[in-house]
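This report refers to the structure that appears directly beneath it.
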Amino acid sequence: GQQVMQIPQYQHVQEGEDFTTYCNSSTTLSNIQWYKQRPGGHPVFLIQLVKSGEVKKQKRLTFQFGEAKKNSSLHITATQTTDVGTYFCAGRGSGYSTLTFGKGTMLLVSP
Amino acid sequence: DSGVTQTPKHLITATGQRVTLRCSPRSGDLSVYWYQQSLDQGLQFLIQYYNGEERAKGNILERFSAQQFPDLHSELNLSSLELGDSALYFCASSGLKEGSADTQYFGPGTRLTVL
């Protein structure tokens with residue numbers, strides 16, 4: 001079945017440093033979504049990418065979808081303590097299928 | 001607040017017991033998903049219902065079952081509980097229609113502890 005791998009598992013940065021998490025699928029995706037889960041909270045939808053090579057920005061967050069629609073990345077510029085949490089990618093295969101979540105990247109930001 | 005509610009928030013029970021987790025989706029959402037989250041396994045998709053019918057199955061054990069009722073709320077039943085079933089169980093809902101992509105709105109989760 002479809003597998004979604006996410007790296008790194010964990011990253012600890014100083015406030016102001018950049019952060020990137022990468023997501024790779026074993027199969028071509030129709031779209032990919034990103035979610036953020038704060039400590040003690042539930043996953044919250046951030047964004048969805050659909051087109052090959054698509055790049056979307058949300059303030060300091062930049063999301064990319066690879067040309068082959070098998071990988072994606074989330075880059076945070078100048079991290080803040082409010083960015084702390086676990087970031088999940090979730091890919092959807094072709095046709096009608098459910099989302100497959102990566103295991104997430106836990107981000108810790110020290111002031 | 002996502003609009004998805006889950007009860008109870010916490011549940012502590014013993015091995016061999018049976019529990020029921022309840023989820024009410026966002027108003028108007030027809031799809032309900034159940035996920036299990038444990039430290040080492042991330043978010044594992046269990047099962048999806050759409051307008052009362054089972055739509056997709058993931059890594060759901062035979063000891064687990066779910067249903068979606070006419071009012072669209074859903075229940076996840078976990079039986080013959082084992083220590084390894086201790087986890088956070090999330091329900092999510094979406095307005096997913098056949099063939100379209102949609103976002104999922106997660107509830108606050110139910111933390112199950114099996115002693």
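Scope of the values below: all heavy atoms of this structure, side chains included, with no hydrogens, waters or symmetry mates. In the text below, chain A, chain B and the rest are named by the order of the sequence lines, each starting its count at 1.
A:Tyr87 is connected to A:Ile47 through a chain of hydrophobic side-chain contacts under 4.5 Å among Ile, Leu, Val, Met, Phe, Trp and Tyr, so both are in one cluster. Hydrophobic clustering, with ILVMFWY side chains joined whenever heavy atoms are under 4.5 angstrom apart, keeps A:Tyr22 apart from A:Leu74.
Counted within 6.0 Å of CZ on A:Arg38, heavy atoms from surrounding residues, nucleotides or ligands total 12 or fewer; the atom is thus considered open. For A:Gln3, the CD atom counts as loosely surrounded, since its 6.0 Å shell holds 12 or fewer non-hydrogen atoms of other residues, nucleotides or ligands. By the neighbour-count criterion of 12 heavy atoms within 6.0 Å, atom CD of B:Glu53 is sparsely surrounded, having that number or fewer from other residues, nucleotides or ligands. Environment of CZ in B:Arg26: crowded, with over 12 heavy atoms of neighbouring residues, nucleotides or ligands closer than 6.0 Å.
Closest of all the heavy-atom pairs between A:His42 and B:Gly107 is CB-O, 3.1 Å. Among all heavy-atom pairs drawn from B:Gln48 and A:Thr98, the shortest one is OE1-CG2, 3.7 Å.
Put simply, CG on A:Leu46 and OG1 on B:Thr103 are 11.0 Å apart, with the number rounded to the nearest 0.5 Å.
A donor and an acceptor atom, one from each side chain of A:Gln37 and B:Gln37, are located under 3.5 Å apart.
Side-chain rings of B:Phe106 and A:Tyr35 approach one another, their centers coming within less than 6.0 Å.
Using a 4.5 Å cut-off on side-chain heavy atoms (C-beta onward), B:Leu43 and A:Pro43 make contact.
Of the options B:Phe45, B:Tyr35, B:Tyr33, B:Phe90, a ring-ring contact (aromatic ring centres under 6.0 Å, His included) to A:Phe101 is made by B:Tyr35 and by none of the others.
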